[in-house]
Amino acid sequence: MTSRVTPARPRTGPRRWRRTTVGVVVALVAALTPTTLAAPAHAAPVLLSQGRPATASSTEGTGFPASAAVDGNTGTRWSSAFSDPQWLQVDLGARATLSQVTLVWEAAHARAFQIQTSDNGTTWTTVWSTTTGTGGTQTVPVTGSGRYARMYGTTRATGYGYSLWEFQVYGESGGTDPVEPTDPRNPNFGPNTFVFDPSTPTATIQSRLNTLFTQQETNQFGPQRYAVLFKPGTYTADVNLGFFTQVAGLGMSPDDVNLNGHVRVEADWFGGNATQNFWRAAENLSVTLPAGVTVERWAVSQAAPYRRMHLRGAQNQIQLWNGGDGWSSGGLLADTRIDGLVVSGSQQQWYSRNSEFGNGWTGSVWNMVFQGVTGAPPPHFPNPSHTVIAQTPQIREKPFLYIDGTGEYRVFVPALRTNSTGTSWYGKTPAGSSISLSQFFVVRPGTSAATINAALAQGRHLLFTPGVHHVTEPIQVNRANTVILGLGLATIQTDNGTVGMRVADVDGVKVAGLMFEAGQTTSPVLMEVGPPGSSADHSANPTSLHDVFFRIGGPGVGRATNTLTVNSDDVIGDHMWLWRADHGDGVGWTVNTADTGLTVNGDDVTMYGLFVEHYQKYQTVWNGNGGRTYFYQNEMPYDPPNQAAWTNGATRGYAAYKVADSVTSHQAWGLGSYCYFNVNPAVVADRAIEAPTNPNVRFTNMVTVSLGGVGTINRVVNSAGGTANTTNQVVYLTNYP
């Protein structure tokens with residue numbers, strides 16, 4: 001954004017039909033569950049095929065793709081045409097020595113088939129064969145090697161095609177580096193993580209902080225990333241955060257680390273304009289301001305969480321920027337205690353969740369949303385534009401790194417909370433589980449995706465150290481309850497048009513503190529949660545995404561068709577910014593191309609604090625039922641060269657928030673969409689929100705803005721609401737329908 005002037009909830013909507021086959025479930029218990037205990041790097045066999053690229057000789061239809069046989073989901077399958085021969089092959093990514101193949105057949109199985117390997121996908125060697133295939137679950141020993149493995153069927157057992165729920169190839173890859181163990185008392189976080197303890201001289205700490213700020217104050221597109229971590233204790237420090245810098249405490253409670261001084265963000269570098277103060281974070285600390293000082297400033301916009309913090313002193317205030325000094329445009333307070341007052345100042349929009357404001361909140365511009373916040377202002381919309389939701393229906397706070405009483409580094413994973421208010425920690429014992437860092441693979445820049453995937457296959461969690469991590473194949477997360485945590489806004493960049501990360505349709509994966517960056521070759525999507533067709537019920541243990549950010553363009557050319565696609569049900573998004581760059585390098589209508597930000601295909605998906613900006617078609621597309629969004633901030637693309645270049649059939653432009661016509665239940669609260677068509681101010685968007693007219697598809701408290709009067713949003717939702725343009729720059733709508 002570069003803004004201008006001024007108990008578990010009940011299910012809604014139908015669930016997808018889930019197909020099962022008699023006898024398959026029992027057989028899958030052993031066949032589909034690789035070991036989840038951390039193992040030495042040389043351990044074999046390892047499941048190599050799951051989530052890898054798969055192709056087939058044919059498919060029965062679009063609902064039965066080759067990828068469904070290697071997705072780890074026992075409810076999806078590949079099915080071929082009704083003829084012989086047919087084959088299914090998988091690219092393992094590197095040459096591997098194979099030891100076992102498990103085939104989980106649907107009723108339409110093979111009577112005669114071969115297991116074959118290849119180094120090039122063209123010339124094949126048969127390593128096992130049968131003419132008396134029994135169907136069901138077949139686990140066969142094989143001896144062979146290659147990058148590719150396939151099932152080659154020559155005789156069907158039924159009149160239908162060949163159909164596999166799962167095709168699993170086990171072995172030992174020769175194409176990855178060793179997966180090193182992690183010493184939980186002395187981990188190697190790389191050169192860009194600085195860990196201080198109370199014995200560190202104050203001058204040493206402050207010198208390091210000053211050096212980092214000087215380097216990072218204006219460095220919004222450089223590759224440098226930093227984490228500054230404080231062990232439990234008391235310090236004197238002035239932490240002035242620049243770009244791509246995270247400061248965090250290493251206690252179990254924010255109050256375990258107290259900084260006498262500041263943890264602040266200013267906007268001096270941009271003439272007081274804070275609308276480009278992105279990509280930084282303060283977490284798990286308490287702050288005591290210096291004597292005689294009562295104001296802490298946090299002048300930020302997107303992707304700058306103030307999370308699990310405690311600003312001490314009822315006489316103090318945190319100022320989210322001063323309207324007299326400049327503009328600011330959006331941010332997050334979560335799981336935070338402010339003893340005193342929160343002053344929003346010039347903030348145009350803001351989302352506060354599960355926090356405690358001892359002396360309340362003052363201020364409003366366009367879109368302020370409070371959820372589960374004690375001390376929130378009274379609900380009122382508009383002017384002041386305060387959307388207040390009393391409780392948070394279901395949330396898991398972000399996992400965090402800490403040091404226990406013995407000096408061991410661990411990661412705490414907060415438990416799910418339902419219908420919650422206030423913080424998870426102040427005056428209470430946080431609920432959740434703790435994982436030793438010995439169970440994590442510490443990923444430093446230069447580590448290949450193949451090595452990362454080998455660590456995941458061994459049952460390791462991941463901790464990404466600060467830096468840019470280049471991948472040429474997807475990071476594949478297949479194991480339930482895997483934790484993936486980034487330090488210093490660690491960034492995963494897709495170099496060759498690959499997908500950055502794929503998460504299987506499994507329970508309880510947590511991805512936190514990461515940024516995904518598109519490379520020059522167009523990626524189909526940067527992150528995918530659940531494969532297409534996902535249908536498992538995760539309501540008791542959903543996957544959650546915390547402070548996960550996406551960038552297309554800015555440091556240079558970046559391209560992706562889609563950005564984040566959520567296919568799994570019940571996923572929770574906890575603060576995300578999806579951004580097609582509007583400034584920086586590699587920016588332009590035909591340069592950093594990107595169709596869509598967020599696509600939600602899963603049912604009962606919930607987004608808390610969702611920011612999506614500047615995409616060239618729909619910003620957000622919601623196809624699943626039962627979806628909920630609490631706070632939505634959007635800017636339409638600045639740069640359509642003319643109306644013809646940005647037209648969707650008979651509709652001028654694309655909606656910022658599109659709910660599919662097939663959806664029967666959806667709710668959203670506190671939505672803002674803004675236009676600034678600076679390349680061609682004559683461009684018009686017909687509407688900001690497009691949705692079926694249905695009493696169970698509801699929107700509460702919406703605002704559209706023509707920033708500086710540059711461009712037009714004709715209606716707020718469908719044909720309802722006024723026109724935002726040069727004459728009337730801000731338009732509100734309280735309810736729809």
Side-chain angles (χ1 to χ4, degrees), residues 51 72 225 227 246 279 281 283 303 305 307 332 334 395-401 411-414 416 432-433 435 439-443 447 449 452-453 455-456 459-466 469 471 474-494 498-517 523 525-531 534 538 541-551 562-578 597-600 602 605-611:
R225 308 283 188 271
Q246 175 197 28
W279 304 308
E283 302 178 62
R307 184 188 286 274
L332 170 86
I395 190 67
R396 173 191 291 124
E397 296 297 342
K398 179 182 177 182
F400 61 91
L401 184 69
V411 171
F412 189 77
V413 182
L416 279 175
S433 58
I435 308 171
Q439 298 303 304
F440 281 74
F441 175 55
V442 177
V443 184
T447 305
I452 295 169
N453 285 331
L456 288 167
R460 303 279 283 277
H461 306 278
L462 301 178
L463 188 142
F464 282 84
T465 62
H469 301 260
V471 298
I475 297 169
Q476 183 65 47
V477 185
N478 298 322
R479 182 172 56 91
N481 300 311
T482 299
V483 177
I484 300 174
L485 180 62
L487 296 179
L489 291 93
T491 301
I492 296 171
Q493 180 169 320
T494 59
T498 188
V499 177
M501 181 179 291
R502 284 193 170 107
V503 179
D505 192 25
V506 296
D507 275 357
V509 173
K510 298 95 181 170
V511 181
L514 286 176
M515 186 159 129
F516 290 83
E517 182 124 75
S523 293
V525 65
L526 296 184
M527 183 180 187
E528 182 181 73
V529 181
S534 294
H538 306 294
N541 186 14
T543 283
S544 51
L545 312 178
H546 313 265
D547 297 342
V548 178
F549 310 130
F550 301 84
R551 185 167 70 180
N562 299 298
T563 305
L564 170 63
T565 298
V566 177
N567 294 313
S568 288
D569 295 345
D570 308 294
V571 172
I572 294 172
D574 173 27
H575 188 221
M576 293 188 294
W577 185 33
L578 290 69
L598 173 66
T599 302
V600 178
V605 171
T606 303
M607 293 288 160
Y608 300 102
L610 176 61
F611 300 74

- Query: With side chains defined as the heavy atoms from C-beta onward, is the minimum distance between His469 and Thr447 less than 4.5 Å?
  - Reply: no
- Message: So Thr494 and Phe516, do their side chains get closer than 4.5 Å, heavy atoms only?
- Response: no
- Task: Can you measure from CZ (Phe412) to CD1 (Ile435) and round to the nearest 0.5 angstrom?
- Result: 10.5 Å
- Specify the closest pair of heavy atoms between Ser534 and Asp569, including all atoms of both residues, with the distance to one decimal. O-OD1, 4.4 Å
- Message: If I compare all heavy atoms of Pro474 with all of Arg502, which pair ends up nearest, and what's the gap?
- Response: CG-NH1, 3.4 Å
- Can you name the nearest heavy-atom pair linking Ser568 to Gly530, along with the distance? OG-CA, 3.3 Å
- What's the spacing between Ile492 CD1 and Ile452 CD1 if we round to 0.5 Å? 7.0 Å
- For Leu456 and Asn478, what are the C-alpha separation, side-chain angles and deciding distance, and is it a side-chain contact (heavy atoms from CB on, under 4.5 Å)? CA-CA 8 Å; Leu456 288 167; Asn478 298 322; over 6 Å; no
- Query: If you round to the nearest 0.5 Å, how far is CG of Asn453 from CZ of Phe441?
  - Reply: 10.5 Å
- Donor-acceptor pair, Arg396 side chain versus Pro542 backbone, under 3.5 Å? yes
- Per the side-chain contact (heavy atoms from CB on, under 4.5 Å) rule, which among Val529, Thr599, Val525, Val600 passes with Leu564? Val529
- Message: Could you report the tightest heavy-atom contact between Phe464 and Ile475, atom names first, then the distance?
- Response: CZ-CD1, 3.9 Å
- Task: Evaluate the criterion side-chain contact (heavy atoms from CB on, under 4.5 Å) for residue pair Lys510 and Val411; output intermediate values, then yes/no.
- Result: CA-CA 12 Å; Lys510 298 95 181 170; Val411 171; over 6 Å; no
- Message: To the closest 0.5 Å, what do you measure between NE2 (His546) and OH (Tyr608)?
- Response: 11.0 Å
- Task: Could you pull out all residues at least two apart from Asp505 that satisfy salt bridge (charged side-chain N to carboxylate O under 4.0 Å, His left out)?
- Result: none
- With a 4.5 Å heavy-atom cut-off, do Val483 and Phe440 have their side chains touching? yes
- Backbone N/O of Leu489 and side chain of Thr491: donor-acceptor pair under 3.5 Å: yes
- Taking Ile572 as the fixed residue, which of Leu416, Thr543, Val605 is the one that meets the side-chain contact (heavy atoms from CB on, under 4.5 Å) rule? Leu416
- Where the side chain of Thr482 meets the backbone of His461, is there a donor-acceptor pair that is under 3.5 Å apart? no
- Note on the structure: Correct closest heavy-atom pair for Val511 and Met501 would be CG2-SD, 4.2 Å
- Task: Could you tell me the separation between the CZ atom of Arg460 and the CD atom of Gln439, rounded to the nearest 0.5 Å?
- Result: 7.5 Å
- Item | Residues which pass side-chain contact (heavy atoms from CB on, under 4.5 Å) with Ala480, listed by chain and number, not counting sequence neighbours | Val506, Asp507
- Message: If you define the side chain from C-beta out and look only at heavy atoms, does anything of Leu545 sit under 4.5 Å from His575?
- Response: no
- Side chain proximity check, Met527 to Leu514, heavy atoms < 4.5 angstrom: no
- Query: Are Gln246 and Leu487 close enough that some pair of their side-chain heavy atoms sits under 4.5 Å apart?
  - Reply: yes
- Got a second to check how far Ser544's OG is from Glu397's CD, nearest 0.5 Å? 10.0 Å
- Shortest non-hydrogen pair, Pro305 vs Phe549, comes out as CD-CZ, 4.3 Å
- Side chain to side chain, Leu598 and Val566, heavy atoms closer than 4.5 Å: yes
- List for me each residue that meets side-chain hydrogen bond (donor to acceptor under 3.5 Å, both in side chains) alongside Lys398, sequence neighbours excluded, and say none if there are none. Glu283, Asp547
- With side chains defined as the heavy atoms from C-beta onward, is the minimum distance between Arg551 and Gln493 less than 4.5 Å? no
